[in-house]
Amino acid sequence: MTYIKPRFRHPELPKNKIGFAKADYEGAISTLCGGCGHDSISAAIVQACYELSIEPHKLAKLSGIGCSSKTPTYFLSNSHGFNAVHGRMPSIATGANMANRDLIYLGVSGDGDSASIGMGQFVHAIRRNVNMVYIVMNNGCYGLTKGQNSATADIGSLSKGGAVNHYPAIDLVGLALELGATFVGRSFSGDKTQLVPLIKAAMSHPGFALLDVVSPCVTFNNKPESTKSYDYVRAHLEATATIDFVPEKEEITVNYPKGKSAHVELHDGSIIHLHKLAPNWNPTDRYSAVNRLLEAKMKGEVLTGLLYIDPNSQDMHELENTIDQPLNTLREKELCPGSEALEKINASFR
Amino acid sequence: MTYIKPRFRHPELPKNKIGFAKADYEGAISTLCGGCGHDSISAAIVQACYELSIEPHKLAKLSGIGCSSKTPTYFLSNSHGFNAVHGRMPSIATGANMANRDLIYLGVSGDGDSASIGMGQFVHAIRRNVNMVYIVMNNGCYGLTKGQNSATADIGSLSKGGAVNHYPAIDLVGLALELGATFVGRSFSGDKTQLVPLIKAAMSHPGFALLDVVSPCVTFNNKPESTKSYDYVRAHLEATATIDFVPEKEEITVNYPKGKSAHVELHDGSIIHLHKLAPNWNPTDRYSAVNRLLEAKMKGEVLTGLLYIDPNSQDMHELENTIDQPLNTLREKELCPGSEALEKINASFR
Amino acid sequence: MEHIRAINDLVVRFANVNGTGSASANNMFAKAIFRMGIPVSPKNIFPSNIQGLPTWYEVRISEKGYLGRREGVDLMVCVNPQSMARDVESVKPGGYFVYDNTKKLHSEFIREDIHYIGIPMTAITMKHYSDPRQRQLFKNVIYVGALSALLDIEMDVLKGLIEGQFQRKQKLIAPNFKALELGESYVKEHFQYPLDIRLERRDNVGDQILIDGNTAVALGAVYGGATVAAWYPITPSTSIVGAFEKYANRLRKDPETGKSRYAIVQAEDELAAMGMVIGATWNGARAFTTTSGPGVSLMSEFLGLAYFAEIPAVLVNVQRGGPSTGMPTRTQQPDLISSAYASHGDTRHVLLFPSTPKECFDFTAQAFDLADRLQTPIILMSDLDLGMNDHVSPPFEWDDGRQYDLGKVLSAEDLENIEQFGRYLDVDGDGIPYRTIPGTHPTKGSFFTRGTSKDEYARYTENGAAYVRNVDRLLKKWETAKKHVPAPELYQQENSNDYGLIFFGTTTYAALEAMEVLGEKGIKLDALRLRAFPFNETVREFIADHKQVFVVEQNRDAQLRSILINELDLYPRQLIPILNYDGQPITADTIEQLILSHYPQEKKHDDIHQTQVPAS
Amino acid sequence: MEHIRAINDLVVRFANVNGTGSASANNMFAKAIFRMGIPVSPKNIFPSNIQGLPTWYEVRISEKGYLGRREGVDLMVCVNPQSMARDVESVKPGGYFVYDNTKKLHSEFIREDIHYIGIPMTAITMKHYSDPRQRQLFKNVIYVGALSALLDIEMDVLKGLIEGQFQRKQKLIAPNFKALELGESYVKEHFQYPLDIRLERRDNVGDQILIDGNTAVALGAVYGGATVAAWYPITPSTSIVGAFEKYANRLRKDPETGKSRYAIVQAEDELAAMGMVIGATWNGARAFTTTSGPGVSLMSEFLGLAYFAEIPAVLVNVQRGGPSTGMPTRTQQPDLISSAYASHGDTRHVLLFPSTPKECFDFTAQAFDLADRLQTPIILMSDLDLGMNDHVSPPFEWDDGRQYDLGKVLSAEDLENIEQFGRYLDVDGDGIPYRTIPGTHPTKGSFFTRGTSKDEYARYTENGAAYVRNVDRLLKKWETAKKHVPAPELYQQENSNDYGLIFFGTTTYAALEAMEVLGEKGIKLDALRLRAFPFNETVREFIADHKQVFVVEQNRDAQLRSILINELDLYPRQLIPILNYDGQPITADTIEQLILSHYPQEKKHDDIHQTQVPAS
Ligand SMILES: Cc1ncc(C[n+]2csc(CCOP(=O)(O)OP(=O)(O)O)c2C)c(N)n1
Ligand SMILES: Cc1ncc(C[n+]2csc(CCOP(=O)(O)OP(=O)(O)O)c2C)c(N)n1
Ligand code: SF4
Ligand code: SF4
Ligand SMILES: [Mg+2]
Ligand SMILES: [Mg+2]
């Protein structure tokens, strides 16, 4: 169990522009495994909302099902939340956004939730450019159902149950670019200096903003090259065929400059090669973004940063020419054409 | 109603290597609209199978729901066929392929069937490299439900009901490349010289072979720039608000050399810019394929030909190390471990 | 040879090829009769195909207002050689067969007992029009002109219809008039007219309108305040959102900015469509989706979420022949069980059963109130026959003083005055909790919506007692729902017979006719028309009051009967299934025959499951 | 203070934190007792979470073989401070509370009427192990060691278990032994032992095995000849395919090439999983998928296709608490209606109800025969309790002469000898048509499989009569199914009481115990255990033979009762629902109390719907 923040605190906490303390953006105590990357992302969300001075009730948080999808309980207690069914958060968010264009929509999902069961809805939410932030807490596995490989798992990954993944990983960033997404970024859960500004940028973007955040699952990630961790414990688990032991782990953090690489060691001892886009990267050129991504992939690097943003992004409401006033505030007067109009309609059917 | 081929024919028709005449590869009489591109593709399939000397019963044809998905009835009468439910053919084909790796699997789908409701299954069949040919008869609309825009419709397309499409078209070829597909090609329904060899190549590929075939819907395609067709009829339909009139149209054919462009006029008077990959195009370089596609897109061209093929493609069975003998032929002897083994298992639970 | 003689009581059937533009001509025929004050009931019988296959249009004309389907064609207009054999056969002895005699009729189509009327439609169009597309289209108008003479349809009425239709395309009026006249004059020159079956103006439709159920649903959604429509095309529901868009576009634009006071999303599939509805209603808008059987199956996971998390939703299920893809262009009522109990776990959903376009309009508008009031999905059960065919219907009405019932929604002010907000607390004892809409209050009233078990304060719990309290409250809410849904309609002041009849939706047309016919034979039945599920006390009492009750429905498995037995704890043998499930709307004749076979005592078979339906 | 005295009749409960590795220690505890010849019934009560939340393991030990859950804990082992308050409370007066007294117990946890046994587990591990992960793990083994002294568990048996487990990791054996001994000796030094509640070796389990239902299903699939498994993970079904993979990997590799005689696909979702099964079975392989409620909802469109196109399929539904995401780690039987009638249109599916691991094994193997024979989906209805908990079960048996029943499949030779193959012809009059597998014959036997209506030759048709013939044949097939599915089990030679009891699946354990207890009180009941849907004549007769029949099930809406009434045309009041749906397995006590409240006459309430379930 991770405590995002101890519950007791000094009364004179600093406040943001609209008078809220950071604590006002927190949520319930997390019940995820100690050291889970998802908790780091929750903390970054809290930080970003605090810094952006978002009114908590003007944000709606939505998710699917999974460890990742549980996190909305662990931040922003004063926001309405919606834990949808598995893989279907994008449609819920789309409908919610149609009903009220004035809120900020923060969607949280997992790689299983988005890249497998939710693939169809994920693709089409991008295509519609629904105005929302869409964070994938990407751990390459199904955490909540105990560690099966997901569709973003690297080729050769071993699931906790021992199954080898033979299939190429789906790169959600590449996919989003191909589909014409208007905001595409990637980060690492433990890299607050990069993640917080990216979340802030995503929240300010008028359209679908994808953030693919690599977020190690300390319990079930299990790269084959990993040798050093679990030692005794793994031997024990293999022998008893029960996978109910989760040693306490520390949050993995990393901090490295733009334009540079960092080799981060995960809990199972495997290494991930992060590469941060250079400071002079021009994120408004989709063509370059696609190429830069391909390049990094060929080098085995995980490219992080804001890859692409369309400065002329128009969201669904603009494209559909919906009225500015949120639809959920309209009442009889604005909606019901009245009996006289109805009589004319009747007449047209005689 | 289109007759792919008149039913009476000369007894001494030419035969292929295994002694079948082309007629042996035909199907029932088509009930699609006269001039529908889908019928041209059916004819190309018949031609390809004939030329490849495929034993008709060694091929299984599968489809979803839509005008396109009806076509398997109109070719290869001696093959088993499976008209699945809407958008779910890829999973049926995957299961069928698991059961018997010895047949050729020919999947036929529409752009609605694949790019909307079927998106999830489409993506994952590609990811698994299921050994099958997957032809999308792509008309940018929902033919069978009377002309709504599909997710591959160009921005600005008008549906027959008058709805404008505001969303970017999903490019199935680009998507497949991004997902790591091992065979990716595109063609035009009326271009037999290109289409037949592409189908043959796809059938010979040991893995998932995508063919995105642009196939105009003569009845519901309705580009806004179109001015010349429908004249009187369209005025009539607009006035009566019924869309039950479909004038007879001719099949659109085109024939142009590799490396060149062709501007094809569709039935509604709009123009499509096809561009055929050059004869010296190297289709084994995914990186170039992605770039060439992006380039064409920026020029407003529809790039045709075999964009990419992975010569080292390994299909699902190879990746999973399944036995060579089709699983559906195994019986008690090969499958049932017997009572002795069971007694040992019992003992392990005491 | 026999001559049928009939005024304002006949069935006319048109046999066409689809895609040839016959629909508007055929509609004109039916509408003209309607305008002559005579009740009509047209039915499209069409294939799942766009062009080139047989399609029929059948119009029952009934002065008495019998608007169900009736077997036996009095006059057949056949312009489709493909289906000619069947078409000749379907004419009643003594009836008429109108055909295109440009080519001579093959002898195999000649029956001794019917009358043939040849009109050289193709020849006439060849002579008078040069454009092949015009020839095709006007052939249809020509036969309408011919019928006007044969059946005595008032030419002025037909012309009025054309003028109305082409108001904004004036130049199309003259050629249409000409086509009408070509047909009329050919008949007048070559035949005795009118026939012995014919029409006469009446005043039997009053202020009623002729409209299809799908358009009525769309208007109900516009009037009921729907702002979000999310859908995926599927026959026979597709035209609803089209009509919604048309009327919303006309009546729901902001006059100043021209912007829309509604949003329509063509979803990527039915799962997404239902998700969008749930998202929108959760966020306080009124939203709906439309589909048919396969879509309901796909929505079933989401329906369970909406039931359990208590989110309003309006779903219109325009039923078609099942199972699976089934008969996509045929009618049935086969989704009762799958809709009432959609989704895994202990779930149940409110169903509304409209039987006329007026009720489609009323119930759709009401569905939004019910969804908000009950915080649960409301499923409007229409069907292909009701949705896609025109029906004579009372005109639609709207009380301008009517307020939308938004149900138990707390405002910021309410929240200020409440000690502790509990999303799933049963404050009023009716099982319906209070909800808040996102964005209402900066620090109060937020909660987490989820499909998992939760306590009164919307907190996740695995506590068994809390779970039980919650699902038991849902049963209480279900009891409350009975008071809110439309009550059944009774057709008698007081029950006075041993035998009762229950029907609903589109079985109503034929059931009422069958009742009258049986009544004339001395067999009197009490009758009840269901308009909603859950059933209220009236239904229970009606059944209790009768020795036997016939339940008329259009599916194989007598699904309504099952639900009645289940929910009201009835003795099954008290309910006798009257079934038709061949994809054609049930006829009064079928109902009559089946009732007779069980009346006055259950004669032959003891096991009512073996009831055989005559092929119709 | 009261002392409970009991030999081989107690409930021991462990309160742990999940993720701390307690599962294998707790399993060892139960298994050791089982090896001492005493029937045990362990239950995991775990959260939907991976680490850090309370989890319980409850073992009922019953010499008499009562293996249902029982309320009231005789001995509680609490190593979780989070849940301590609840845990103290759940101990029966006179019972024992074993805890870690490294820190002093807070006074709020002290009850006057129970016994406290403090063992300094943390202190012991701190002293004897340095690696924090080892400390964590061995704490669990230490308390097992302590229990061995307290309850008289044979140390040799425990050590034998450890040796077996660590056969291939020999170096882990010694430290485990040490931990056991540390616990044992602490008790021996500090307490009187054994307690008044304790164990004694018996010979009451015979050759039975202790196994969970999911593993049994997996073995049934291996033996039943399944070659394709397509699935999507969901609690509580997940472990089935894991076990299938394990055994197939061991027993189904080609000895020469090392290649697999099976294929497992982790699908992208449940829709795809069911699609893959349908594709594989259409192609002549035996295939299955596993899921729980939400997955069944998602599969519902495909289930309708398989029903209507008549494609074999085996689906294992390991039910959990519903509706929606519900209580994912709690048990219920809430998917009866949604499984029996899954999908829109007139559909119905064969259900099998195993109640022991042996039946999980048998019925799974049989399900493949049934699916092939009946050409329709077969749904095995397990639940979390049966699937994820260990149960004492008769050993599995296999007759080596047994042949798979592949049903009516035509070979190339058959096709040569047939005049015209009609895929949907009812050749044998049993409603089951013949099929062909793709690739069978170069020119004969090919056909088109579709979800639309079709004629006997698999040709698409919109003809109403052909449609009716086809769906009526499906009803005939349904009748045939009754003869093939497992018959119900009766518990008496002859019915001899006015009152009957019906149960199925995991209600069996508690129902049998309740019957005995009631019998001792002079209340005799006849009993029937359902093993499949559709129901056969025996079920009808059993009900007809009794004035009142109690139907025991674990859902709110008495779903089995509904299906019985529906399908057998029963008088509802004859069937009294006995329900428990709080997510815990039903207890004999609950059943007994509910039956008593209705026996001998329906006393208080006339309306059986108002039956109240005591919170358990
Ligand atoms: C319809 C349905 N299928 C399956 C499940 C079971 N399930 C819950 S979470 C999950 C996968 C979660 O993986 P991911 O989205 O990557 O989240 P993570 O736990 O890794 O953060 C699955 C399969 C479900 N809840 N609903
Ligand atoms: C579950 C489901 N939803 C909707 C439909 C209705 N439907 C039939 S075909 C079709 C679209 C077909 O479009 P496409 O795949 O592009 O094929 P085309 O007709 O254009 O060739 C739809 C929506 C259906 N049959 N099933
Ligand atoms: S299982 Fe993995 S993803 Fe889930 S909470 Fe634990 S560490 Fe995080
Ligand atoms: S509607 Fe369009 S796609 Fe369908 S058959 Fe006609 S032309 Fe082809
Ligand atoms: Mg994950
Ligand atoms: Mg299409």
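Computed from heavy atoms alone, side chains included, the values below leave out hydrogens, waters and symmetry copies.
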Can you name the residues of residues 51-59 of chain B that have some heavy atom under 4.5 Å away from a heavy atom in chain D?
B:His57, B:Lys58
Do you know the tightest heavy-atom contact between D:Gly439 and B:Leu103?
CA-CD2, 4.2 Å
Give me each pair satisfying side chain to side chain donor-acceptor pair (under 3.5 Å) with a member in residues 331-342 of chain B, each pair once, sequence neighbours excluded.
B:Ser339-D:Asp400
Bottom line for D:Arg286: the part with an atom under 4.5 Å from chain B's heavy atoms is neither
State which residue, out of D:Thr227, D:Ile264, D:Val265, D:Asn283, fulfils the side-chain contact (heavy atoms from CB on, under 4.5 Å) condition with B:Met98.
D:Val265
Quick one: does any side-chain atom of B:Ser79 pair with a main-chain N or O of D:Ser446 as donor and acceptor, under 3.5 Å?
no
side-chain contact (heavy atoms from CB on, under 4.5 Å) with B:Ile323: of D:Arg252, D:Lys259, D:Lys253, D:Glu256, only one passes, and it is D:Lys259
Is B:Asn83 reaching over with its side chain to a backbone N or O of D:Arg450, donor-acceptor style, under 3.5 angstrom?
no
Does any heavy atom of chain B fall under 4.5 Å from the side chain of D:Tyr460, the backbone, both, or neither of them?
neither
Below 4.5 Å from any heavy atom of chain B, which atoms of D:Leu161 appear? Answer side chain, backbone, both or neither.
neither
Given a strict heavy-atom distance threshold of 4.5 Å, which part of D:Val228 is in contact with chain B: side chain, backbone, both, or neither?
side chain
Ring geometry between D:Tyr247 and B:Phe349 (parallel below 30°, tilted from 30 to 60°, perpendicular above 60°):
tilted
Would you say D:Arg35's side chain and B:Arg350's backbone share a donor-acceptor pair under 3.5 angstrom?
yes
Interatomic distance, NE2@D:His441 vs CG@B:Asn78, rounded to 0.5 Å, equals 10.0 Å
Quick test of your reading of the model: are B:Arg128 and D:Glu268 salt-bridged, counting only N-O distances below 4.0 Å?
yes
